Structures are given as C-alpha cells and as structure tokens.
Amino acid sequence: MPDEMFTLLGWAWDVDLATRLARRHPVRPAAIRTLTGVMDLIRIDPDHAATVDLTKPLLVVPLPCAPPPGNRLVIDGWHRIHRALDLGMEELPTVLLDPADERTCRLRGGDI
C-alpha cells in the first residue's frame, strides 16, 4: 500500500508513484480556478493549508472517462490550492501526467 494515496469517489491514485513519474514531465504554471471543479468534495484542514509550500507543483492527471475540459483532476495539492485561493493567487506550478502515467499510478476506478 502506498504511503500517500488520493481517493475520490470510487477512484484512487498512488501519489508516491505519481510523484516519481512526474519527474519526467515539465512544471508549468496553471490557472488554479480551472482545476477546482471537484473542490467541494475535498476535505481541507485550514491549519495544514496555512503551512504548505506553494512552490511544490500540483500533480494533475487526465481522466480517461471525462470529456474536455473536465478531463483533469488534481491528485496532490488541494491544500496548496486552498491556500493560494485565500492569498488571491491565480496560478500555481503544476505537472500534468500523461495518460500512460495516470493509468500506471491509478489503483482503482475506471477500467480497473
């Protein structure tokens, strides 16, 4: 079992593995608001959010079951998003994994 896992509804991803796979992809700025579609489903600890490192890139995966533009999901970085929004920031560094890497780190959901 991974040390860190992100789960949403019936889906789950190995964040440790996703972090290792992310090293192969560029870090790019992303507009935060385009990534917050499921934020109401995410439990945020405001005390923890106040301490997060906003220079650490968000990890984002493409979802094979969703048409654009809803085909991206943050699997690591929700507390960073919360803090950035509180601070009035518009962008955060982000790594978008490719579909093969998404499938590699997905533990359940979709076609598995």
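On a predicted model such as this, the values are computed, not experimentally measured, just so you know.
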Those residues that, when tested against Arg24, pass salt bridge (charged side-chain N to carboxylate O under 4.0 Å, His left out) (two or more places apart): Asp101
Gap separating the CD1 atom of Ile75 from the SG atom of Cys105, nearest 0.5 angstrom: 4.5 Å
Non-hydrogen side-chain atoms of Pro62 and Leu96 separated by less than 4.5 Å: yes
Between CZ on residue Arg28 and CG on residue Leu58, distance to nearest 0.5 Å: 14.5 Å
Min side-chain heavy-atom separation Leu97-Val60 under 4.5 Å: no
Partner of Phe6 by side chain to side chain contact (heavy atoms under 4.5 Å, CB included), out of Leu107, Ile42, Asp14: Ile42
Spacing of CH2 belonging to Trp11 relative to CZ belonging to Arg108, to within rounding of 0.5 Å: 11.5 Å
Nearest atoms (heavy-atom pairs only) where Arg33 meets Thr36: O-OG1, 3.1 Å
Shortest non-hydrogen separation from Trp13 to Glu102 and the atoms involved: NE1-OE2, 2.9 Å
Leu73 versus Trp78, closest heavy-atom pair with distance: CD1-CZ2, 4.5 Å
Asn71 side-chain N/O to Leu63 backbone N/O, donor-acceptor pair under 3.5 Å: no
Pairs touching residues 74-87 that satisfy salt bridge (Lys or Arg N to Asp or Glu O under 4.0 Å), sequence neighbours left out: Lys56-Asp76, Asp76-Arg80
Thr94 (side chain) donor-acceptor with Leu92 (main chain) under 3.5 angstrom: yes
Heavy atoms of other groups near Glu91 CD, more than 12 under 6.0 Å: yes
Close side-chain approach of Val61 to Arg72, heavy-atom, < 4.5 Å: no
Any Ile32 side-chain heavy atom under 4.5 Å of Glu90 side chain: no
Closest non-hydrogen atom pair between Arg43 and His79, with its separation: O-CE1, 4.1 Å
Test side chain to side chain donor-acceptor pair (under 3.5 Å) applied to Asp45 - qualifying residues, sequence neighbours left out: none
Straight-line distance of Leu17 CG to Thr104 OG1, nearest 0.5 Å: 7.0 Å
Nearest atoms (heavy-atom pairs only) where Thr55 meets Pro93: O-CG, 3.6 Å
Gap separating the CG atom of Leu21 from the CG atom of Leu59, nearest 0.5 angstrom: 9.5 Å
Check against side chain to side chain contact (heavy atoms under 4.5 Å, CB included), Asp16 and Met5: CA-CA 7 Å; Asp16 301 320; Met5 182 171 65; over 6 Å; no
